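Down below is the structure, laid out as structure tokens.
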Amino acid sequence: MTTVELSRGSTAPSRLSVLRPRGPFWPAWRQSRPLRRVAVGVLLVAAVGLVTMNLLLLDADRGLAGSLCALPNHCADLNSRIFMLNTVFTNVVQPAMVALPVLVGMFVGAPLLAQEYERGTVQLIRAQSVSPARWLTARLVVPAVVVALSAGVLSALTTWVWRTGIAGHRFFLDSPFPGFTYHALDLAPLAWSLFGLALGTAVGVLLRRTIASILVSGVLLLLAELLMRFARPYFLPLVHGSAPNSRNHLGMFIQPSQSWLVNSGAVLADGTRLSEADCSRNYQACQDAPTVWGEYHPVSHFVPMQLVESGVLLVLTAALVVLVYRRVTRAVL
Amino acid sequence: MTEVTGPAPAVHAVGLGKSYRRGQWALRHCGFAVPAGRVCGVVGPNGAGKSTLFGLMAHLFAPSEGELRVFGEPAGTPALRARIGSVTQSRPLYPSFTVEETLRLGRELNPGWDEACAQRVIELGGLSPRARVGSLSGGQRSRVALALAMAKRPELLLLDEPMADLDPLARHDLMGLLLSDAAERATTVMISSHLLAELDGAIDHVLLVQSGRVRLAGDLDEILDGHRLVTGLADAPRPPGDAVEWRVTGRQVTGLLRTDSPVPDAWEPSRPQLEQLLLGYLRNPDAPVPSAPSTCEAAA
């Protein structure tokens with residue numbers, strides 16, 4: 001008993017000192033102070049805001065389902081609350097999550113090394129005994145961990161609000177696939193934030209000018225998000241569906257709920273397949289066609305699609321990190 | 001030749017050249033050697049290539065041609081990192097760090113860190129450890145940079161105009177500390193300065209860089225002994241030896257000769273002071289120079 005207590009007592013301080021940053025991790029930790037403060041602030045505001053939002057949503061849901069709804073005007077109040085909170089989620093939270101990787105790239109990644117070059121502090125580091133590669137590792141790992149943790153927590157919060165408070169609601173059925181929603185859920189914020197950090201850092205190393213790097217990495221990240229929007233549907237094989245046309249369909253294919261319709265059209269009586277473009281040119285033909293068809297991603301494709309996308313981003317991130325290492329550790333400053 | 005016997009010189013350059021842009025040489029055909037344990041003054045006009053030479057020695061960049069060895073190893077060898085300390089001309093430091101944190105950076109990144117030495121340099125200037133580096137004056141920043149370089153305990157200390165923005169008193173104190181410290185530990189010091197008088201009495205080796213060439217390199221006493229400052233009348237026959245400088249003022253002539261033999265009676269010879277010698281060369285960029293290989297020989 002005593003020996004156990006004693007050994008525990010003696011290992012406690014050393015376990016703590018393992019956590020204390022040492023060697024090149026110390027300056028990296030010290031330099032990440034502003035980032036850590038901003039991250040804590042953002043997480044606190046986001047946590048309070050999103051938890052409050054979801055509690056209000058769930059409460060309204062319960063209220064609608066329960067007998068309270070019988071009271072005059074009460075349902076209208078609850079519905080308008082749900083509508084208002086949905087609007088806030090769509091117009092504020094989701095765009096913020098789309099912007100997150102761009103902001104990480106611009107304000108964490110781009111200045112990270114560009115500023116070291118601009119101020120000449122890489123020369124200061126070169127004059128120390130530590131190897132440039134070890135220094136760079138610490139310089140990258142610390143902000144990467146802060147960014148990954150922050151993006152992970154934010155994503156957990158938004159995913160929780162969306163899945164329990166928003167997607168589950170009977171009147172405001174939302175699909176996870178549309179551009180802004182997709183970026184706010186599950187792995188996407190994490191993978192995109194790390195990619196943003198790597199891209200910003202690489203741009204900073206190449207340009208060596210802080211302001212220029214911030215602007216260029218912002219533009220590049222927005223372009224990357226846009227490009228990915230067009231590449232995303234082809235990460236997984238599309239599910240093909242067709243249905244008999246009816247008056248209700250008006251020549252359009254109705255996809256299963258929450259799925260992402262990528263292509264659609266109609267099949268004429270003679271077997272000719274018409275695409276969406278054909279239908280917009282010849283509306284009447286499609287409306288009178290016996291069959292409509294569509295290619296879509298069912299909601300079950302969402303997680304695999306994010307995994308494939310994260311894998312693509314991870315490979316790109318690794319390539320950018322290799323580029324940064326080669327640039328920083330070469331002989332010429 | 002370039003063969004060196006005995007312990008490897010602290011710095012040894014052979015045909016060293018560096019060009020930042022194609023065809024434009026910041027430094028070329030440089031050959032010299034600085035024995036270990038010397039305090040070597042690097043002098044020359046602005047833009048002569050001094051900082052380029054310091055950058056090459058600190059391996060901020062690689063030479064474009066030729067060879068540079070530090071303690072017998074090619075510059076840039078990872079093992080040299082801990083053995084070279086350097087203060088570059090721009091003295092880059094992290095402005096958001098305090099003085100204390102800047103020293104902590106040195107302690108964390110250098111295994112041979114000497115906290116007492118760092119504290120002495122800082123305290124000598126009355127700097128508050130809690131002051132932010134960004135709020136310090138140029139001279140105070142120089143002191144922090146110097147503390148960082150000295151407390152690393154390098155075997156070769158590269159100081160590119162370390163005292164330029166210090167006040168005369170601080171300069172005097174720091175120079176004294178630097179020299180006694182270097183003597184105690186047999187540190188090789190390469191120091192550049194515009195203040196030639198400041199170097200007098202401090203250095204025992206000299207490297208004169210001008211227009212991207214090393215014009216003069218070697219032991220200071222040997223170089224001074226190899227020159228004569230002569231004064232005499234203008235119509236007297238010119239004494240033998242290469243004239244570095246020959247200035248006629250009225251009937252009076254003052255000349256700096258490269259010779260170690262006695263001069264004719266018509267001339268009054270004296271051993272030049274460091275400043276006189278260096279000014280003589282600097283004023284006359286086209287004066288005859290010992291040929292490149294001989295600078296190496298003289299130095300080695």
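Chain naming here is simple, since letters A, B, ... match the order of the sequence lines and numbering starts at 1 in each. Model, not experiment: these values are computed from the prediction. All heavy atoms count here, side chains included; hydrogens, waters and symmetry mates do not.
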Fill in: chain B contacts, top residue of A:Gly23, A:Pro24, A:Pro34 (heavy-atom pairs, under 4.5 Å)
A:Gly23

Fill in: Contacting region of A:Arg33 [heavy-atom separation from chain B under 4.5 Å]
side chain

Discussion item. With heavy-atom distances below 4.5 Å as the criterion, would you say the side chains of A:Leu124 and B:Leu148 are in contact?
Written reply: yes

Discussion item. Quick check on A:Trp29: does its CH2 atom have over 12 non-hydrogen neighbours (other residues, nucleotides or ligands) under 6.0 Å away?
Written reply: no

Discussion item. So for atom CZ, which belongs to A:Arg36, do other residues, nucleotides or ligands contribute more than 12 heavy atoms lying within a distance under 6.0 Å?
Written reply: yes

Worksheet entry | Region of B:Leu80 in contact with chain A, defined by heavy-atom distances below 4.5 Å | neither

Worksheet item: So what's closer than 4.5 Å to chain A heavy atoms on B:Arg104: side chain, backbone, both or neither?
Response: both

Worksheet item: Out of curiosity, B:Lys152 NZ to A:Ser129 OG, how far, rounded to the nearest 0.5 Å?
Response: 4.0 Å

Item to complete: Give, as side chain, backbone, both or neither, the part of B:Ser96 having an atom under 4.5 angstrom from any heavy atom of chain A.
Response: both

Worksheet entry | Stepwise side chain to side chain contact (heavy atoms under 4.5 Å, CB included) test for B:Leu93 and A:Thr121 | CA-CA 6 Å; B:Leu93 294 169; A:Thr121 40; 5.7 Å; no

Worksheet item: Can you tell if the side chain of A:Glu118 reaches within under 4.5 Å of the side chain of B:Pro92, non-hydrogen atoms only?
Response: no

Practice prompt. Could you tell me whether the side chain of B:Asn110 and the main chain of A:Gln128 form a donor-acceptor pair under 3.5 Å?
Written response: no

Discussion item. Measuring from atom CZ of A:Arg126 to atom CG of B:Leu60, what distance do you get when rounded to the nearest 0.5 angstrom?
Written reply: 7.5 Å

Worksheet item: Taking side chain as C-beta onward, heavy atoms only, is B:Pro95 less than 4.5 Å from A:Arg119?
Response: yes

Worksheet item: Does a side chain donor of either B:Tyr94 or A:Gln115 reach within less than 3.5 Å of an acceptor in the other side chain?
Response: no

Worksheet, complete the sentence: Here the gap from B:Glu101 atom CD to A:Trp26 atom CH2, rounded to the nearest 0.5 Å, amounts to 5.0 Å

Worksheet item: Contact part of B:Leu109 toward chain A, heavy-atom cut-off under 4.5 Å: side chain, backbone, both or neither?
Response: both

Fill in: Within 45° cone of B:Phe97 ring axis and under 6.0 Å: A:Arg30 NZ or CZ
yes

